[in-house]
Amino acid sequence: MEIFLQQVVSGLATGGIYGSVALALVMIYQATDVVNFAQGEMAMFSTYLAWSMLNAGVPYWAAFFATLAVAFVCGVVIERVVIRPVENAPVLTIVIVCIGLLVILNSVAGWIYSYIQKPFPSPFPEKPITIGNIFFGAHDLGALGVTLLVLLLLYVFFRYTTLGLAMRAAAQNPVSSRLCGIRVGWMLALGWGLAALVGAVAGLMIAPIVFLDPTMMSGILIYAFASATLGGFTSPGGAVLGGLLVGVIENLVGTYVKFIGTELKLTVALAMILVVLLVRPSGLFGRVAVHRV
Amino acid sequence: MVRTAGEIRFDAQQIAGRPTEDIVRLGIAHVPEGRGTFTQLTVEENLRLGAYARRDTGALARDFARIYDYFPVLGERRRQIAGSLSGGEQQMLAVARALMLRPRLLLLDEPSLGLAPLVVREIFRIVRAINREERVSVLLVEQNVATALDLADHAYLLETGRVVVSGPSAELRRDDAIRRSYLGY
C-alpha cells in the first residue's frame with residue numbers, strides 16, 4: 001500500500017509537469033488550431049535564457065519573471081515572422097514549419113550552450129516533506145502548485161477579461177471577429193505569446209528534475225501530447241488533469257506491470273494516445289462542436 | 001469580392017480596401033448572411049463582442065438593458081451557449097450584436113434567410129423600430145421583395161449585379177413590371 005501511495009504521489013509530481021506543457025499546447029491549439037510541435041523546444045530555450053541570467057548573478061525570481069517576459073515576446077515574434085506567412089496553408093505545411101522550428105531551436109541551443117547536461121536550481125527547499133511514510137519532494141509540490149496557479153490565472157484571463165474573450169472569439173470565428181472590430185492577427189500572436197510564457201514556466205519547473213540540456217523536452221513533449229489528448233485538446237483544465245492522470249498511470253504501470261519497468265514507460269504514453277483517439281477522440285473533457293442551423 | 005471600378009465612401013471617407021476592423025470603427029455594423037454567431041460563446045459574450053470596438057464602455061450596462069428590451073428572448077437566454085438558440089433567435093442575436101456597436105449604419109444581409117414567416121415579421125418589426133427610434137441608417141439586402149419594400153424608404157433593384165430600377169419604395173411598389181415580376185400579383 002505504501003509503495004502504491006508513493007508511486008501515486010510521485011506520479012502526480014511528474015504529471016503536473018506534463019500538464020503544464022500540455023496546457024501550453026492547448027493554448028495555441030485553442031487560439032489558432034495549430035498543434036505546436038516546437039512547444040517543448042521553445043520552453044527549453046527559455047530555460048537556457050534563465051540559466052544565463054542566473055549565471056550572471058540575477059536573483060532567481062527576477063530571472064524567472066524576466067524569462068517569462070522574454071518568452072512572451074519571442075512567442076509573439078515567432079507567430080508574426082514564421083507562422084503568419086503560412087497561416088492559410090494546409091495543416092501539413094504548418095506542422096512541417098513547427099517541426100522545422102523544433103530542429104532549429106534544438107540545434108541553436110546546442111550550438112550556444114553545448115549538449116552537456118547542466119544542473120538547474122529549484123526555487124523551493126531541498127528537504128522533502130513527509131506525511132506518515134510518504135515523501136513529498138518540496139520541488140514537486142511547488143511545481144504542481146505553480147502549474148495550478150498558472151491554470152487559474154489563465155482561466156480568469158479568458159473567462160473574465162475582454163481581451164481574453166476577444167482571443168476566444170478570434171479563434172472560433174475569425175470572420176465574425178473582424179466584423180466586431182477585433183484585430184484577429186494580433187489575437188493569434190498573443191495566443192502564441194501566452195503559450196510560450198506558459199511553456200517557459202513549465203521549462204523552469206522541469207529543468208531542476210531532468211537537468212538542463214537541449215533534448216530535455218523531447219520525451220516530455222510526448223507525455224504532454226498524451227495528456228492533452230486524454231484531457232481533451234479543447235480544455236485547458238482537462239489538459240492539466242490529463243497530465244496528472246498520465247503521470248500516475250505511467251508510474252503505476254511501470255511499478256506493477258513487470259515487463260514494462262522504466263524502459264517501456266514512454267510506450268505507455270503512446271498507447272494512451274492511441275486508446276483515447278480510438279475510444280473518445282475529444283478526450284475526457286473536450287467539447288465536440290455542435291451546431292444548430 | 002474584388003473591386004474593379006468605382007469607390008465606396010462613408011461619411012465622405014474612402015473606405016474601399018481598408019481593413020474590416022477599421023471600417024467597423026467608423027460605426028458600420030454588418031450582420032452577415034448566415035448570422036456569424038459565435039456558437040460556442042454565451043449570448044451575453046456575443047453581445048459583449050459586438051461592443052468590442054467601442055471606447056465609451058461606461059454606457060454598456062444601459063445598452064444591454066436596451067437590447068434585452070428589444071429582444072426579451074435574448075435576455076432570458078443570456079447565459080446560454082449561442083449555438084443552442086433557434087435560427088430565429090440567432091438572427092435576433094446577430095442584429096443585437098451589431099446594435100451593441102451603436103452603429104451609424106447597419107448592414108443587413110438577407111436577414112430572412114431560412115426563417116419562418118412569423119419570425120421574419122418579428123425581426124423586421126424590430127429593425128423598423130431601431131431605424132425610427134434609434135436613428136440608425138439601415139442598408140438591407142433582401143430577396144423577400146414585398147417585406148423589404150414595406151420596410152424601406154428607398155429601394156434599388158439589382159439584376160445580375162446592376163441597378164435596373166431605383167427610387168422611393170412606394171414608387172417601386174406601384175411599378176407594373178416590378179409588381180408582376182417580383183411581387184406576384
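Lettering follows sequence order; numbering is per chain, from 1.
Using a 4.5 Å cut-off between heavy atoms, B:Leu101 does not touch chain A at all. In this structure, no portion of B:Arg54 lies under 4.5 Å from any heavy atom of chain A.
Using a 4.5 Å heavy-atom cutoff, the side chains of B:Thr20 and A:Arg183 are not in contact. The shortest side-chain heavy-atom distance between B:Phe38 and A:Cys180 falls under the 4.5 Å cut-off.
Residue-environment remark: CZ (B:Arg132) exceeds the threshold of 12 foreign heavy atoms within 6.0 Å. Counted within 6.0 Å of CG on B:Leu118, heavy atoms from surrounding residues, nucleotides or ligands total 12 or fewer; the atom is thus considered open. The number of heavy-atom neighbours closer than 6.0 Å to CD of B:Gln13, taken from other residues, nucleotides and ligands shown, is above 12. Within a 6.0 Å radius of CZ in B:Arg18, other residues, nucleotides and ligands contribute more than 12 heavy atoms.
Contacts with chain B were tallied for A:Thr162, A:Asn173, A:Ile182, A:Val184; A:Ile182 has the most, counting heavy-atom pairs under 4.5 Å. Here B:Arg48 is the residue among B:His30, B:Arg48, B:Met100 with the most heavy-atom pairs under 4.5 Å with chain A.
Considering every non-hydrogen atom in both A:Gln172 and B:Thr39, the closest pair reads OE1-N, 4.5 Å. Pairing each heavy atom of A:Ser176 with each of B:Arg97, the nearest pair is OG-NH2, 4.1 Å. Scanning all heavy atoms of the two residues, the minimum distance from A:Arg178 to B:Val24 falls at O-CG2, 3.6 Å. The two residues A:Arg168 and B:Leu41 make their nearest non-hydrogen contact at NH1-CD2, 3.6 Å.
The OG1 atom of B:Thr42 lies 8.0 Å from the CG atom of A:Leu165; values are rounded to the nearest 0.5 Å.
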